[in-house]
Every structure is written in structure tokens, then in C-alpha cells.
Amino acid sequence: MNVDTDTLAIRALIERSRDAWDRGDGTAYGACFTADATDVTYAGTVYRGGAEIGRAHQVLFDSFLKDTRLRLDIVEIRRYGPDIAVVVTRGESGKRHPRKLRKLATYTIVRETGGQWRIAAVQKTQRKPLTEAVSFLFQPTSRPSAR
């Protein structure tokens with residue numbers, strides 16, 4: 001595959017995971033992950049493997065996350081060779097359309113045997129703009145060059 005086709009496939013994978021979330025479909029959500037994937041939630045919970053990620057999310061979709069929608073924007077996709085990519089997203093989940101996307105997620109995406117792209121790892125973080133602002137005020141050189 002060429003880079004453009006791969007980038008489209010990686011974007012499609014992120015969209016499939018979002019669509020599964022929006023439908024409350026834990027099985028489809030878990031299928032977006034590798035068998036040995038790691039999902040670290042913004043609360044700090046660690047799930048391992050696509051099957052566990054799907055099972056646990058189905059429980060959440062049926063309770064705390066019932067009828068929520070996942071809103072996300074892909075910030076960047078960086079490739080590391082032909083079979084690995086890192087994707088950074090900004091997003092939010094909720095029943096209403098969020099005014100701000102306050103969570104960041106960093107995905108490690110891998111191409112498995114057979115050419116299928118899957119999520120090998122994801123780390124979600126709640127952004128703290130006030131903490132950032134104070135840090136940058138007192139330590140301006142800690143500000144990242146790209147935001």
C-alpha cells in the first residue's frame with residue numbers, strides 16, 4: 001500500500017472505533033484493537049486485549065456511557081515505517097455536543113498480518129488548560145512549540 005492509502009485506512013479505523021462507540025457496540029469497538037492491545041482510560045483504568053476492551057466497554061455502554069457519542073478530531077498521524085503509526089486525537093464523549101474537546105488520546109496503530117490496521121495501544125488524558133496556563137506563566141520555556 002502507499003502512504004495515502006494507508007493514511008485513509010488509519011483514519012477509517014479511528015472512525016470505525018468512534019462509530020462503534022456511538023452505537024454502543026462493545027464487540028465492534030473491541031474488534032478495532034489487537035488481541036494484546038492496551039487501553040489506558042483517562043481515569044487510569046487499564047484494559048488489555050481487544051476482547052476485554054470490548055467486553056468492558058459494552059458494560060459501560062449499557063450503563064455509565066449509555067447513549068453517549070464520541071466526538072473527536074484527528075490532530076496528527078505520524079508514520080514509523082510501513083506498519084506503525086501514532087495518531088493523536090482531541091475528543092470528548094457525552095450525550096450532548098461538547099463545546100470543547102478536552103480529552104487527548106494517543107493511539108499506536110499497527111498493521112497486522114493480512115494488512116488490517118488495528119489499535120495496539122491508546123492512552124487517554126484529560127486536558128487541564130488552567131494547569132497548563134499557570135505552568136507556562138511561571139516557566140514559559142516549558143510551552144511546546146506546536147499546540
Side-chain angles (χ1 to χ4, degrees), residues 3-80 83-112 116-147:
V3 173
D4 292 336
T5 303
D6 287 342
T7 299
L8 290 173
I10 292 164
R11 285 182 176 278
L13 170 63
I14 298 298
E15 286 300 314
R16 271 195 317 279
S17 71
R18 184 194 54 77
D19 289 343
W21 182 295
D22 289 354
R23 291 190 319 274
D25 186 341
T27 300
Y29 187 72
C32 294
F33 292 81
T34 63
D36 61 349
T38 302
D39 178 359
V40 181
T41 72
Y42 83 94
T45 305
V46 179
Y47 296 111
R48 296 203 194 305
E52 179 177 89
I53 292 165
R55 178 199 54 76
H57 276 78
Q58 188 61 62
V59 172
L60 296 170
F61 293 148
D62 291 341
S63 58
F64 301 117
L65 298 176
K66 188 173 183 67
D67 298 324
T68 61
R69 300 291 178 262
L70 182 61
R71 308 288 183 242
L72 62 82
D73 291 330
I74 294 175
V75 175
E76 69 177 337
I77 298 174
R78 287 180 288 148
R79 299 288 302 280
Y80 294 92
D83 300 325
I84 301 171
V86 171
V87 178
V88 177
T89 65
R90 188 176 303 278
E92 193 69 52
S93 62
K95 293 184 180 184
R96 297 179 199 167
H97 192 76
R99 289 189 338 228
K100 294 184 178 183
L101 303 179
R102 295 186 185 258
K103 294 178 184 145
L104 296 162
T106 303
Y107 295 83
T108 302
I109 311 292
V110 298
R111 186 192 332 250
E112 293 188 311
Q116 183 74 25
W117 289 95
R118 294 212 194 283
I119 302 165
V122 61
Q123 163 70 53
K124 301 163 192 143
T125 302
Q126 178 83 30
R127 187 162 179 247
K128 306 285 187 184
L130 181 59
T131 303
E132 276 185 331
V134 169
S135 177
F136 300 156
L137 177 66
F138 289 103
Q139 296 297 330
T141 57
S142 70
R143 180 182 299 274
S145 58
R147 290 176 46 119

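Since the model is a prediction, treat every value here as computed from it, not as a measurement. Any value given below was found using the heavy atoms of this structure, including those in side chains, with hydrogens, waters and symmetry copies removed.
- Atom CZ in R102 sits 8.0 Å away from atom CD in E92 (nearest 0.5 Å).
- Atom CD1 of residue I119 and atom OG1 of residue T38 lie 12.0 Å apart, to the nearest 0.5 angstrom.
- Atom CD of Q126 has more than 12 heavy atoms from other residues, nucleotides or ligands within 6.0 Å.
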request  = Let me see the working for Y29 and I53 under side-chain contact (heavy atoms from CB on, under 4.5 Å), right down to the final yes or no.
outcome  = CA-CA 8 Å; Y29 187 72; I53 292 165; 3.8 Å; yes
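- Scanning all heavy atoms of the two residues, the minimum distance from K124 to D39 falls at NZ-OD1, 2.8 Å.
- The two residues E52 and V46 come nearest to each other via the heavy atoms OE1-O, 4.3 Å.
- Nearest approach of Y47 to A56, heavy atoms of both residues: CE2-CB, 3.3 Å.
- Looking only at side-chain heavy atoms (C-beta outward), Q116 and L13 stay at 4.5 Å or farther from each other.
- Shown here for I77 and R11, the closest heavy-atom pair between the two residues is CD1-CG, 3.8 Å.
- Here the CH2-CG distance, from W117 to D6, works out to 5.0 Å after rounding to the nearest 0.5 Å.
- Atom-to-atom distance recorded for L70:CG and L101:CG is 9.5 Å, nearest 0.5 angstrom.
- No side-chain heavy atom of V110 sits less than 4.5 Å from a side-chain heavy atom of D83.
- Legend: residues meeting salt bridge (charged side-chain N to carboxylate O under 4.0 Å, His left out) with R18, ordered by chain and number and at least two apart, are E15, D22.
- Here the closest heavy-atom approach between residue S93 and residue K103 is recorded as OG-NZ, 4.0 Å.
- Taking 4.5 Å as the limit, some side-chain heavy atom of T68 sits within range of a side-chain heavy atom of W21.
- Heavy-atom contacts from other residues, nucleotides or ligands closer than 6.0 Å to CZ of R16 number more than 12.
- Annotation for E112 and R118: closest pair OE1-NE, 2.9 Å, computed over non-hydrogen atoms.
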